[in-house]
Trainee: 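Input: one structure, supplied below.
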Amino acid sequence: MSFSGEIKRELYEHYARARHCNLAELAGIAHMCGQFAEDSRGTCTMQLSTENFSVARKCFTLMTKTFNINTNIIIRKNSAKNSWNYTLLFKGQELLAVKNAIVQAVCCRRAYIRGAFIAAGSVSDPRKSYHFEIVCDLQEKAEYLRDIVNSFEMGAKIVQRKKTFVVYLKEGAQIVDMLNVMEAHVSLMELENVRIVKEMRNAVNRKVNCETANINKTVSAAVRQIEDITYIQDKVGFEKLPDSLKDVALTRLAYPDVALKELGGLLEHPIGKSGVNHRLRKLSEIAEKLREE
């Protein structure tokens with residue numbers, strides 16, 4: 001099962017204790033995949049269509065917990081997709097409370113987001129990338145949902161995708177916070193575990209890359225130093241060099257792989273890293289001058 005599927009499976013079994021929260025969650029589902037209308041007598045009706053049985057069951061249960069409304073359920077098989085479609089039909093003026101729901105309390109905002117995600121949301125596999133989204137059919141719905149999400153100090157944005165409007169988050173930390181908002185605590189812990197492993201792996205990779213770069217830099221510098229020293233030796237020899245430079249040159253040729261600090265300790269008269277570096281630069285300048293001549 002995908003990570004989105006695991007989150008939704010957890011949320012399908014989550015029911016708030018308060019009636020107003022159930023109403024808010026029901027509104028979140030209805031606003032994403034439901035349609036409101038009036039019959040010939042002016043009575044409010046709501047039709048909710050989904051290919052997900054769990055969404056249909058959740059909506060039916062919430063409606064039963066919240067209202068005493070008769071429900072008609074139509075089940076059709078889509079032969080082309082080899083899937084089932086579940087259509088729930090509700091009728092009653094009580095549905096106006098769902099259609100015109102004003103979500104204000106923190107607990108109700110949590111429930112509304114939970115319902116919207118169940119109906120039209122998804123989260124990418126966190127082992128590959130961090131992406132949370134809820135797809136809305138109208139821009140007004142997307143803006144309303146974005147504002148509710150951002151009331152929890154998120155940075156949700158909207159992007160248009162063909163004829164839909166997508167409310168999304170891209171940062172792992174914010175997706176963790178969003179799972180907490182929706183009260184998907186088991187999935188939250190799973191995501192945190194993945195994030196910890198990824199961060200450790202990235203830290204190790206950064207350290208390895210840094211050490212590799214330092215090694216390459218050291219090796220390249222040592223190769224240039226040996227080239228310069230060998231050039232001096234072939235052209236004029238070491239006899240005319242000051243004893244300090246001659247000592248460094250001979251020691252570098254004898255120990256081509258050691259670091260500057262270790263090289264300084266191997267000299268006849270040991271010196272520090274900066275002193276070794278200074279003498280090697282002098283040798284490089286001599287080699288360059290000889291090349292120019």
Side-chain angles (χ1 to χ4, degrees), residues 1-16 21-101 111-125 131-142 144-145 158-168 182 184 187:
M1 182 181 291
S2 68
F3 186 57
S4 280
E6 292 177 1
I7 297 171
K8 290 185 178 182
R9 183 174 62 178
E10 182 179 356
L11 296 180
Y12 291 144
E13 305 303 323
H14 185 285
Y15 290 94
C21 291
N22 287 327
L23 175 61
E25 185 169 354
L26 185 59
I29 297 174
H31 289 173
M32 295 303 116
C33 62
Q35 292 182 335
F36 293 90
E38 290 183 358
D39 65 7
S40 58
R41 297 182 179 180
T43 303
C44 184
T45 65
M46 184 182 84
Q47 177 178 308
L48 185 144
S49 297
T50 178
E51 293 183 355
N52 190 317
F53 171 75
S54 296
V55 174
R57 185 185 65 177
K58 178 87 174 185
C59 186
F60 177 83
T61 304
L62 286 171
M63 190 66 74
T64 303
K65 285 177 173 289
T66 309
F67 304 109
N68 184 20
I69 295 180
N70 292 329
T71 306
N72 292 322
I73 302 176
I74 302 172
I75 303 175
R76 296 188 180 92
K77 185 173 183 179
N78 187 331
S79 301
K81 295 183 178 180
N82 192 28
S83 62
W84 296 91
N85 182 271
Y86 305 90
T87 302
L88 285 70
L89 303 172
F90 305 96
K91 180 187 292 187
Q93 290 302 96
E94 300 94 327
L95 293 173
L96 291 173
V98 180
K99 180 182 178 181
N100 303 318
Y112 184 90
I113 296 171
R114 185 164 59 242
F117 179 81
I118 286 173
S122 65
V123 178
S124 63
D125 184 344
H131 184 80
F132 171 101
E133 69 174 38
I134 299 176
V135 181
C136 306
D137 59 352
L138 296 175
Q139 184 174 353
E140 293 79 4
K141 292 181 182 179
Y144 180 70
L145 176 61
I158 298 174
V159 64
Q160 185 171 359
R161 185 185 297 161
K162 295 183 179 179
K163 295 183 179 181
T164 63
F165 298 86
V166 182
V167 180
Y168 70 94
M182 296 190 298
S187 300

Trainee: Could you go through the side-chain hydrogen bond (donor to acceptor under 3.5 Å, both in side chains) check for E6 and S187 one step at a time?
Mentor: CA-CA 7 Å; E6 292 177 1; S187 300; 5.6 Å; no
Trainee: Restricting to non-hydrogen atoms, name the atom on Y144 and the atom on A101 that form the minimum distance, rounded to 0.1 Å.
Mentor: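 For Y144 versus A101, the nearest heavy atoms are OH-O, 3.7 Å.
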Trainee: Test F132 against Y168 for side chain to side chain contact (heavy atoms under 4.5 Å, CB included), laying out the working first.
Mentor: CA-CA 5 Å; F132 171 101; Y168 70 94; over 6 Å; no
Trainee: Between F117 and I7, is any pair of side-chain heavy atoms under 4.5 Å apart?
Mentor: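 F117 reaches I7 side chain to side chain.
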Trainee: Taking all non-hydrogen atoms of both residues, which atom of T87 and which atom of S49 are closest, and how far apart?
Mentor: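 Taking T87 first and S49 second, the nearest heavy atoms are OG1-OG, 3.5 Å.
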Trainee: Closest approach of A116 and L145, non-hydrogen atoms and distance?
Mentor: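 Heavy atoms only, the tightest pair is CB-CD1, 4.2 Å.
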Trainee: For the side chain of K141 and the backbone of H31, is there at least one donor-acceptor N/O pair under 3.5 Å apart?
Mentor: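 Judged by distance alone, yes, a pair lies under 3.5 Å.
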Trainee: Rounded to the nearest 0.5 Å, how far apart are OG1 of T45 and CG of N72?
Mentor: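 CG of N72 is found 11.5 Å from OG1 of T45.
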Trainee: Do side-chain atoms of S124 reach the backbone of H131 as a donor and acceptor pair under 3.5 angstrom?
Mentor: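 Checking the backbone N and O of H131 against the side chain of S124, a donor-acceptor pair under 3.5 Å is found.
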Trainee: Should the pair R114-E10 be classified as a salt bridge under the 4.0 Å nitrogen-to-oxygen rule?
Mentor: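 The answer is no: the pair does not qualify as a salt bridge.
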Trainee: Are C59 and F90 packed together at the side-chain level, in the sense that at least one heavy-atom pair is separated by less than 4.5 angstrom?
Mentor: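 The answer is yes; the side chains approach within 4.5 Å.
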Trainee: Would you mind reporting whether R161 and E133 have side-chain heavy atoms less than 4.5 Å apart?
Mentor: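 The answer is yes, as the side chains (C-beta and beyond) meet within the 4.5 Å cut-off.
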Trainee: Rounded to the nearest 0.5 Å, what separation is found between the CG atom of L96 and the CE atom of M46?
Mentor: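 L96 CG to M46 CE: 11.5 Å, rounded to 0.5 Å.
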Trainee: Please report the C-alpha distance between L62 and Y15 in whole Å, then the side-chain angles of each, then the deciding distance to 0.1 Å, and finally whether the side chain to side chain contact (heavy atoms under 4.5 Å, CB included) criterion is met.
Mentor: CA-CA 8 Å; L62 286 171; Y15 290 94; 3.9 Å; yes
Trainee: Look up atom CG in L88 and atom CD1 in I29, then write down how far apart they are to the nearest 0.5 Å.
Mentor: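 Taking CG in L88 and CD1 in I29, the distance rounds to 10.0 Å.
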Trainee: Side chains of W84 and E51: closer than 4.5 Å at any heavy-atom pair?
Mentor: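 W84 does not reach E51 side chain to side chain.
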Trainee: Could you tell me which non-hydrogen atom of A111 sits nearest to which non-hydrogen atom of A24, and how far apart they are?
Mentor: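 Minimum heavy-atom contact is CB-CB, 4.1 Å.
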Trainee: State whether the number of non-hydrogen atoms from other residues, nucleotides or ligands found under 6.0 Å of K91 atom NZ is greater than 12.
Mentor: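 No - once you tally the heavy atoms of other residues, nucleotides and ligands closer than 6.0 Å, there are 12 at most.
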Trainee: Are any non-hydrogen side-chain atoms of V166 and C136 less than 4.5 angstrom apart?
Mentor: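 Side-chain contact under 4.5 Å: no.
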Trainee: In a table with atom names and distances, give each donor-acceptor pair under 3.5 Å that connects a side chain of residues 33-41 to protein atoms at least two apart or in another chain.
Mentor:
from: D39; atom 1: OD1; to: R41; atom 2: N; distance (Å): 3.0
from: D39; atom 1: OD1; to: G42; atom 2: N; distance (Å): 3.0
from: D39; atom 1: OD1; to: T43; atom 2: N; distance (Å): 2.7

Trainee: Mind checking whether I134 and F165 have side chains closer than 4.5 Å, heavy atoms only?
Mentor: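 The answer is no, as the side chains (C-beta and beyond) never meet within the 4.5 Å cut-off.
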Trainee: Can you find a pair of side-chain heavy atoms, one from V55 and one from Y12, that are under 4.5 Å apart?
Mentor: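 They are in side-chain contact.
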Trainee: In Å and rounded to the nearest 0.5 Å, what is the NE2 to CD1 distance from H14 to I118?
Mentor: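 That separation rounds to 9.5 Å.
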Trainee: Would you say the side chain of L23 lies within less than 4.5 Å of the side chain of V98, judging by non-hydrogen atoms?
Mentor: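 Yes, side chains in contact.
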Trainee: Once you round to the nearest 0.5 Å, how far does CG of L11 lie from CD1 of I113?
Mentor: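 Rounded to the nearest 0.5 Å, the CG-CD1 separation comes out at 11.5 Å.
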Trainee: Once side chain to side chain donor-acceptor pair (under 3.5 Å) is applied, do any residues pair with S2, and if so which ones, sequence neighbours excluded?
Mentor: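 None.
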Trainee: Search all heavy atoms of Y86 against all heavy atoms of A56 and return the closest pair with its distance.
Mentor: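 Scanning both residues completely, I find the closest heavy atoms to be CB-CB, 3.9 Å.
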Trainee: To the nearest 0.5 Å, what is the distance between CG (N52) and CG (N85)?
Mentor: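 It comes to 11.0 Å.
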Trainee: Salt bridge (charged side-chain N to carboxylate O under 4.0 Å, His left out) with E13: which of R57, K58, K8?
Mentor: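 Going through the options one by one, the only one that passes is R57.
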